[in-house]
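Below, chain A is the first sequence line, B the second, and so on; all start at residue 1.
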Amino acid sequence: MAAGVKLLRFAGGFVCGAAVSTASCVAALRLHRAEPEEPRAPSPDTVSEVQQLIGRFGLPETGAEVRCYANHTLSYDQSKRTPRWVAEHLTNQKLQGQADRKHCRFRADPDIPACFSAGNDDYLGSGWSRGHMAPAGDNKQSERSMAETFYLSNIVPQNYENNAGFWNRLEMYCRELTQRFQDVWVVSGPLALPAEKDDGTRTVSYQVIGKDSVAVPTHLFKAVLVQSSNTTDQSAAPVQALGAFIVPNRPIGFERKLRDFQVSLSELEGVSGLTLFPKLPRGGGGGGDGPGGVADLCELDGCQLMGYKEFTLYLTGRKVGGARSLAKLEQLMAELRRQGIEPDDYLNKLYLKKKEQLTNQEPPQGTAGAG
DNA sequence: CGGTCGACCTGT
DNA sequence: ACAGGTCGACCG
């Protein structure tokens, strides 16, 4: 909304960065907040003594530390058995490759303690699909990195239709951004948002599935940051744009636009409890909404997902590529036309190529042939 | 691209 | 006989 003039104020503003640990954040607060005469302030020695006593048997551990994989990074939620957030960096270069998800299998993350880990059996027959946060399709370049996205530490229970449809198209849009921007950063994760009851009270409620009680998110979020250096003037500051989205974990049809689900970065941060891209310069504007100097992704790039026709053509192309018989091949093309969609040049060429390939490997049958 | 499921093979 | 892993058919 606030697309007007943005003021940059550097004076004295400091961001309560999440780049620091909780402990040092508390320490920072103590430093900055002028605490009025604390009575009986304990001497440092006493503090240390007290702390040692409190921590005698160790302090609670959350298991939320940052975990690094070949091409994604995440923080895990041991209570929900899902990630809290998953971050990745995309470039056009990194999206090239032949890695194939057919060689991958969902499995428990070997680095997550078994007692806090989800298992495949939690998901199977639960009514929910296993939805990637860092998508497999972002890891064509490496079998290893693709295999790691199938660890259940990167997975949340997701509505089937949402996963294969709207969310899938959102992931495709993120990949498409690498054609127009040099660097793309994406942070994705699950949310359990409160719902308002009839009496006006708000309550957080979410289903859990399987023996491990994996939490089913009510919504999913994605924060997308893009950057390109100025092609005409290399010395100019790079152009940056950011979009934040909150998507309900249920079927979403083609009539809905991505922009319908866009929220401000600060709103997403508020509901998620995360500080996203904490090192990104923030605007000091009164609203405190949106980073200063960073454009709105949807105003800059449109945030247009594939439409029905385009998406169906794309899916048919993928299926044609994987067809194993001439009969199946023809059935795919017939189904496309039945839906009133004419194949484009790309699909026609793919079809002819596949037809030739299958004809050669599948000798003509039915006519006076050897069995 | 995103998924599930059942048939089938393997090892104990 | 049964658990577990692979593979191919299927759906949006």
Side-chain angles (χ1 to χ4, degrees), chain A residues 86 88 90 94-108 110 118-141 143 146-147 149-152 154-179 186 188 190 209-211 214 216 220 222 247 249-256 258 305-336 338-341 344 346-347 350 354 358 361-362:
Chain A
V86 183
E88 28 170 359
L90 281 59
K94 285 163 82 174
L95 293 179
Q96 311 303 320
Q98 268 70 44
D100 188 349
R101 46 183 295 145
K102 294 302 170 197
H103 305 145
C104 299
R105 295 188 324 266
F106 290 102
R107 66 177 71 186
N120 283 326
D121 49 343
D122 295 322
Y123 286 86
L124 298 182
S126 70
W128 300 89
S129 70
R130 294 168 288 195
H132 283 74
M133 290 298 92
D138 291 357
N139 294 271
K140 302 287 288 184
Q141 203 187 35
E143 296 275 1
M146 181 179 285
T149 69
F150 281 78
Y151 289 163
L152 295 182
N154 180 49
I155 302 296
V156 307
Q158 188 173 1
N159 171 270
Y160 291 70
E161 194 176 325
N162 181 289
N163 195 359
F166 191 89
W167 192 257
N168 188 13
R169 285 184 287 134
L170 173 53
E171 292 172 340
M172 290 175 180
Y173 176 67
C174 292
R175 287 191 281 270
E176 187 185 311
L177 285 170
T178 65
Q179 298 169 13
V186 184
S188 315
I209 56 174
K211 69 174 197 310
V214 183
V216 179
L220 305 175
K222 211 178 259 296
V247 179
N249 190 9
R250 62 174 128 87
I252 296 170
F254 289 90
E255 73 283 359
R256 305 298 299 273
L258 177 55
L305 303 186
M306 282 190 188
Y308 172 74
K309 184 178 167 186
E310 195 183 357
F311 186 60
T312 305
L313 274 173
Y314 179 84
L315 289 194
T316 304
R318 302 301 306 184
K319 293 177 184 178
V320 161
R324 293 179 163 268
S325 72
L326 283 168
K328 186 66 189 177
L329 183 62
E330 296 302 332
Q331 179 195 326
L332 287 167
M333 300 303 283
E335 173 63 15
L336 187 67
R338 192 196 64 77
Q339 296 181 50
I341 299 175
D344 57 4
Y346 174 80
L347 181 56
L350 196 64
K354 193 71 185 181
L358 286 172
Q361 95 178 41
E362 187 178 308

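Remark: A:Arg324 is in phosphate contact with C:dA9, judged by side-chain N or O atoms under 4.0 Å from OP1 or OP2.
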Between the protein and nucleotides 8-10 of chain B, which nitrogen or oxygen pairs come in under 3.5 angstrom?
none

N/O-N/O pairs, protein side and nucleotides 3-6 of chain B side, under 3.5 Å:
residue	atom	partner	partner atom	Å
B:dG3	OP1	A:Arg130	O	3.0
B:dG3	OP1	A:His132	N	2.8
B:dG3	OP1	A:His132	ND1	2.9
B:dG3	OP1	A:Asn163	ND2	3.4
B:dG3	OP2	A:Arg101	NH1	3.2
B:dG3	OP2	A:Arg101	NH2	2.8
B:dG3	OP2	A:His132	ND1	3.1
B:dG3	O5'	A:Arg130	O	3.3
B:dG3	O5'	A:Asn163	ND2	2.8
B:dT4	OP1	A:Arg130	N	3.4
B:dT4	OP2	A:Arg130	NE	3.4
B:dT4	OP2	A:Arg130	NH2	2.8

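With contacts defined as side-chain heavy-atom distances shorter than 4.5 Å, the pair A:Arg250/A:Asn162 does not qualify. At a threshold of 4.5 Å between non-hydrogen side-chain atoms, the residues A:Lys222 and A:Leu170 count as touching. Inter-residue side-chain proximity for A:Leu177 and A:Leu90 is flagged as unmet; no heavy-atom pair is nearer than 4.5 Å. The side-chain heavy atoms of A:Phe254 and A:Leu305, taken from C-beta on, include no pair separated by under 4.5 Å.
How far OG1 of A:Thr149 is from CD1 of A:Ile155: 6.5 Å, rounded to the nearest 0.5 Å. With rounding to the nearest 0.5 Å, the separation of CG in A:Leu336 from NZ in A:Lys319 is 10.0 Å. A distance of 8.5 Å separates NZ of A:Lys94 from CD of A:Glu88, quoted to the nearest 0.5 Å.
Among the protein residues, A:Gly137 comes within range of the sugar-phosphate backbone only, with heavy atoms under 4.0 Å from sugar or phosphate atoms but none that close to a base. Nucleic acid contact class of A:Arg105 (heavy atoms, under 4.0 Å, all strands): sugar-phosphate only. Using a 4.0 Å heavy-atom distance criterion, A:Arg175 is classed as a sugar-phosphate-only contact. Nucleic acid contact for A:Lys140: sugar-phosphate only, since backbone atoms but no base atoms lie under 4.0 Å from a heavy atom of the residue.
Rounded to whole Å, atom P of C:dT6 lies 12 Å from atom CG of A:Asn120. For A:Leu170 and B:dG2, the CG to P distance is 12 Å, given to the nearest whole Å. With rounding to whole Å, A:Leu315 atom CG is found 14 Å from C:dC11 atom P. Protein atom CG of A:Leu305 is 20 Å distant from nucleotide atom P of C:dG12, rounded to whole Å. For A:Asn159 and B:dG2, the CG to P distance is 17 Å, given to the nearest whole Å. Remark: C1' of C:dG12 and CZ of A:Phe166 are 15 Å apart, rounded to the nearest angstrom. In this structure, A:Phe311 places its CZ atom 12 Å from P of B:dC1, rounding to the nearest Å. Atom CZ of A:Arg318 is separated from atom P of C:dG12 by 19 Å (rounded to the nearest Å).
Contact record, A:Trp128 with A:Asn249: CZ3-ND2, 3.7 Å, taken as the closest heavy-atom pair.
Relative to the six-membered ring of A:Phe150, A:Arg130 misses at least one condition, a distance below 6.0 Å or an angle of at most 45° to the axis.
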